[in-house]
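Below is one structure; the comments refer to it alone.
As the structure is a prediction and not an experimental result, all values here were calculated from the model.
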Amino acid sequence: MSNGFDDIPFFDEEPAPRKPATPAAPSAGAPAGGGLGIAARAMAARDQARAPDYLSGLNPEQREAVETVDGPVLVLAGAGTGKTRVLTTRIAHILATSRAFPSQILAATFTNKAAREMKERIGHLVGGAVEGMPWLGTFHSIGVKLLRRHAELVGLSSDFTILDTDDVVRLIKQIIQAEGLDDKRWPAKQFAQMIDGWKNKGLDPAQIPEGDARAFANGKGRELYAAYQARLKTLNACDFGDLLLHPIRMFKANPDVLKEYHQRFKYVLVDEYQDTNTAQYMWLRLLAQRPPGVPQNVCCVGDDDQSIYGWRGAEVDNILRFEKDFPGAKVIKLERNYRSTEHILGTAGHLIAHNEGRLGKTLFTDRVDPNDGKVVVHKAWDSEEEARAVGEEIEQLQRQQHPLNNMAILVRASFQMREFEDRFVTLGLNYRVIGGPRFYERLEIRDAMAYFRLVCQPADDLAFERIVNTPKRGLGDTTIRNLHDYARARNIPMLAAAADIIDTDELKPKARKALFDVVADFRRWQSLLENTPHTELAEQILDESGYTAMWQNDKSAEAQGRLDNLKELIRSMDQEESMRAYLERVALVMDAEQNADMDAVSIMTLHSAKGLEFETVFLPGWEEGLFPHQRALDEGGRAGLEEERRLAYVGITRAKRRCHIWFVENRRIHGLWQSTQPSRFLEELPSAHAEYDETSGSFGGYGRNPYGQSRFDKQEPFQNSYSTPGWKRAQANKTDATRDNWGNRSGHAVERIGYGESGPRAKTIDGELVAKSKTSEPSRFSVGDRVFHIKFGNGNVSAIEGNKLTIDFDRAGQKRVLDGFVELA
DNA sequence: GTACGAACATTTTTT
DNA sequence: ATGTTCGTAC
């Protein structure tokens with residue numbers, strides 16, 4: 001197979017001559033600040049050598065991306081092509097050539113992790129810490145910084161609170177109830193997601209589509225959204241979306257302020273551009289676009305093939321239209337891969353080529369080693385066997401001295417994890433799950449944080465409501481509602497209302513006493529805020545409030561863990577100057593470090609694997625309906641399929657040396673055993689780089705598996721993705737709904753989705769339709785029949801519901817299965 | 001205020 | 001099937 005290398009310049013080609021960098025003195029008006037040291041150090045480093053060391057070791061394309069600092073640049077950086085290196089070196093280069101002070105560079109990333117990593121690496125390049133890069137951070141943290149400076153321009157005061165999703169949902173619930181709506185019929189969580197979606201698109205209540213507005217609460221969607229925004233304003237609070245939208249509003253309404261930032265930011269950089277949503281895009285354009293004639297020094301780095309966040313508002317289109325937004329843009333492709341073997345790249349490249357909406361890159365490597373194995377596809381009977389076989393493979397690698405840290409299992413959906421965890425527990429194999437519930441999302445942490453928030457921020461009603469009766473103080477719903485009404489009527493925060501109401505006789509003596517104590521506690525803590533070390537105060541708050549005691553008295557299994565978490569929380573506060581500073585950081589940094597010391601296999605979703613790499617990668621669950629996920633198909637249509645394919649591409653390209661893909665023939669979905677079809681993506685792998693493991697699958701010889709080893713043989717190199725065997729099969733199944741996956745009798749309607757533009761979307765997970773057709777076709781079994789099941793052996797039918805049978809198996813006990821899986825014994 | 005049972009949903013996740 | 005969330009009854 002052609003590797004497509006022909007039109008790509010060779011590595012050792014002489015780099016194109018570049019004009020020597022002309023150091024220009026930073027403009028006089030440049031803000032001084034702590035960054036000068038870095039610039040000075042960088043310049044010193046530069047003077048020592050002719051070709052600065054930071055440029056050595058870059059390939060020509062990388063070097064071009066680093067050195068093309070003037071004018072708009074789009075760097076299309078494929079997986080493993082040194083994207084972060086380019087970005088950080090580019091910043092180092094700008095600093096070293098004195099084009100700008102650190103404080104004049106705006107660099108936006110998506111995650112805190114990415115920001116941290118960049119800061120570190122720039123520090124290495126330039127020598128020393130990078131405190132002087134105040135505008136390197138996530139979109140949100142930069143947004144906060146802007147807002148704290150100009151809060152009054154959007155009607156907030158600069159000490160506004162940042163609400164997380166949990167707070168938002170509780171707030172919305174209150175609003176829904178206040179509107180007299182049934183909060184059961186109109187779930188707050190759902191509406192929170194809708195608002196989030198609107199904010200991702202940069203829409204104010206007035207701007208949301210009429211249809212969207214009608215979709216919620218009998219057409220009250222718009223009204224509720226506006227009420228929510230009004231409530232945020234009175235609370236002096238922002239949700240995550242506002243951290244982007246308020247700056248946008250602020251800049252639009254105050255061109256003079258925008259101009260100030262235009263003058264400040266000489267260079268703008270954006271990481272992971274393919275993941276930006278519309279709001280972030282608007283934000284970037286406001287800050288980066290300049291009037292005609294003024295240089296636009298903007299550099300976006302991304303990979304359209306790794307865009308996997310469309311479902312949360314990311315617009316691949318942003319990257320596709322970069323050249324239109326920034327005329328004269330230079331597009332630089334990085335295609336030389338430093339991570340993976342040629343087989344891995346060949347497999348991933350062939351797969352992703354089935355996508356239509358892409359700019360088109362082909363990764364290559366010249367580190368070819370004949371010992372490198374192909375990507376291997378394995379079959380297993382069910383997910384249990386899948387986990388068992390993966391476990392064996394891991395143990396074997398372990399015996400060959402491969403550290404577990406170099407291996408990862410990347411799943412499509414988190415429910416797949418458990419089977420692996422179970423297996424690894426029995427094997428005594430260390431593993432770590434990445435991306436589970438976060439430290440700061442834990443109940444006890446959120447409670448403790450609510451105490452701290454309320455001390456620092458007495459107007460934080462959400463924090464107040466969260467902890468006023470935690471631990472239990474006898475302040476129930478009635479008291480809270482009273483207090484709430486009292487506060488709303490006087491337009492004061494609830495803590496203040498509590499202070500007032502205890503002087504009245506509106507409450508029963510018991511509640512009054514309890515509330516009096518709470519108010520007194522908070523008064524005391526507030527008075528200590530300035531002069532007590534904040535970690536000490538934090539401990540004091542938790543003890544005096546009775547919160548620690550609450551968990552000490554709790555005899556449930558997790559109580560000790562919660563106390564440990566609280567200790568950890570106090571310990572982590574050390575890193576910040578004050579309690580306020582700590583709260584600020586935590587609001588934006590929701591991740592906590594994992595202990596990297598242990599040698600362990602990583603288990604995570606494909607989404608959280610983006611940006612990581614491992615020697616060996618296991619990709620289980622490549623079955624239709626799971627991967628590509630049925631819901632992505634149902635809801636996203638063709639675009640959804642392509643995003644799933646990109647996800648597959650991300651998965652494969654995580655692997656450096658070895659990549660094992662698995663599919664199972666049977667999987668339990670919602671408690672029912674279903675037979676599955678191999679993922680269509682398997683059909684899209686090239687036989688030159690991927691092979692089928694003929695030995696896999698202990699039931700491999702059983703009957704009529706149509707997907708034997710010949711699967712890769714009839715590989716037509718390139719086709720429209722909708723004429724692949726997988727697609728054809730899907731089409732065939734769509735009309736021929738009478739044959740189930742085993743090719744036997746009718747009655748097992750398996751309808752495959754049409755994800756073209758037209759036609760109604762049918763539910764297509766095998767079994768759904770089957771279940772629905774129960775009235776039309778009586779089961780061919782009856783209660784008491786002796787039957788045989790391939791996995792569970794012999795048993796007796798004890799109940800029948802349509803096509804679902806409940807069977808008491810001799811060995812396996814009672815199971816519910818679809819009748820297509822059993823034969824009369 | 002707690003305990004139990006019914007109803008419900010079950011792709012992916014950051015800030 | 002299974003876990004979680006919510007409401008009711010004690």
Side-chain angles (χ1 to χ4, degrees), chain A residues 108-115 137-144 162-169 173 182-184 187-190 193 196 199-200 238-245 272 275-277 279-280 307-314 410-418 434-438 440-441 469-479 510 584-591 604-611 621 625-636 640 643-644 646-648 650-651 667-674 765 768 804 806 813-817:
Chain A
T109 66
F110 245 77
T111 62
N112 290 299
K113 196 176 156 214
T138 62
F139 282 97
H140 291 85
S141 65
I142 295 169
V144 174
I162 301 163
L163 304 184
D164 65 25
T165 358
D166 210 69
D167 295 321
V168 167
V169 170
K173 190 163 184 172
D182 180 0
D183 65 311
K184 182 113 201 241
K189 213 169 165 184
Q190 194 191 328
Q193 278 165 7
D196 198 51
K199 290 192 171 179
N200 284 160
C238 280
D239 62 16
F240 285 123
D242 286 340
L243 298 181
L244 298 172
L245 290 190
E272 303 281 17
D275 286 340
T276 49
N277 62 35
Q280 284 153 338
S307 160
I308 54 175
Y309 286 111
W311 51 273
R312 67 173 194 212
L410 312 181
V411 298
R412 172 68 248 261
S414 44
F415 73 82
Q416 292 172 262
M417 292 179 181
R418 193 195 309 182
I434 313 254
R438 275 156 233 288
Y440 291 107
E441 281 166 11
N469 200 30
T470 309
K472 302 281 182 279
R473 301 187 172 95
L475 296 166
D477 281 349
T478 333
T479 316
K510 204 177 142 221
E584 172 95 351
R585 200 194 82 203
V586 169
L588 293 169
V589 184
M590 295 293 283
D591 55 345
M604 69 189 95
T605 63
L606 286 161
H607 283 91
S608 35
K610 195 168 88 160
L626 178 58
F627 194 34
H629 199 281
Q630 194 60 50
R631 237 167 111 170
L633 264 30
D634 288 348
E635 286 163 19
E643 184 155 311
E644 294 288 290
R646 290 194 290 269
L647 203 46
V650 167
R667 192 175 284 280
R668 208 161 57 163
I669 300 169
H670 312 329
L672 279 177
W673 283 96
Q674 322 252 200
I765 291 200
E768 287 252 17
K804 295 173 195 167
T806 304
Q814 195 178 76
K815 302 275 176 197
R816 285 179 21 125
V817 299

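Nearest nucleotide to the side chain of A:Lys173, out of B:dT2, B:dT15, C:dC6: C:dC6. In the set C:dA1, B:dG1, B:dT15, the nucleotide with an atom closest to the side chain of A:Arg668 is C:dA1.
As judged by a 4.0 angstrom heavy-atom cut-off over every strand, A:Asn469 is placed among residues touching the sugar-phosphate backbone only. Nucleic acid contact for A:Leu163: none, since no nucleic acid atom lies under 4.0 Å from a heavy atom of the residue. Nucleic acid contact for A:Gly143: none, since no nucleic acid atom lies under 4.0 Å from a heavy atom of the residue.
In this pair, A:Phe240 and A:His140 present their aromatic rings perpendicular. The plane angle is above 60°, beyond the 30 to 60° band.
The distance from atom CG of A:Leu672 to atom C1' of C:dA1 is 9 Å, rounded to the nearest whole Å. In this structure, A:Lys189 atom NZ and C:dT4 atom P are separated by 12 Å, rounded to whole Å. The interatomic distance linking A:Lys113 (NZ) with B:dT15 (P) rounds to 10 Å, in whole Å.
Here the CG-CD distance, from A:Asn200 to A:Gln193, works out to 11.0 Å after rounding to the nearest 0.5 Å. With rounding to the nearest 0.5 Å, the separation of CG in A:Asn469 from OG1 in A:Thr479 is 8.0 Å.
Taking A:Gln416 as the reference, nothing meets the side chain to side chain donor-acceptor pair (under 3.5 Å) condition, with sequence neighbours excluded. For A:Asp166, the side chain to side chain donor-acceptor pair (under 3.5 Å) partners two or more places apart in sequence, or in a different chain, are A:Arg446, A:Arg466.
Side-chain atoms of A:Glu643 come within 3.5 Å of backbone N or O of A:Gly310 as a donor-acceptor pair.
Between B:dT11 and C:dC6, the two C1' atoms lie 24 Å apart (nearest whole Å). Taking atom P in both B:dT13 and C:dT2, one finds a spacing of 23 Å when rounded to whole Å.
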Practice task
Classify every nucleotide of nucleotides 7-13 of chain B by which part a protein heavy atom approaches to under 4.0 Å, writing B for the base, S for the sugar-phosphate alone and - for neither, in 5'-to-3' order.
Solution key: ---SBBB
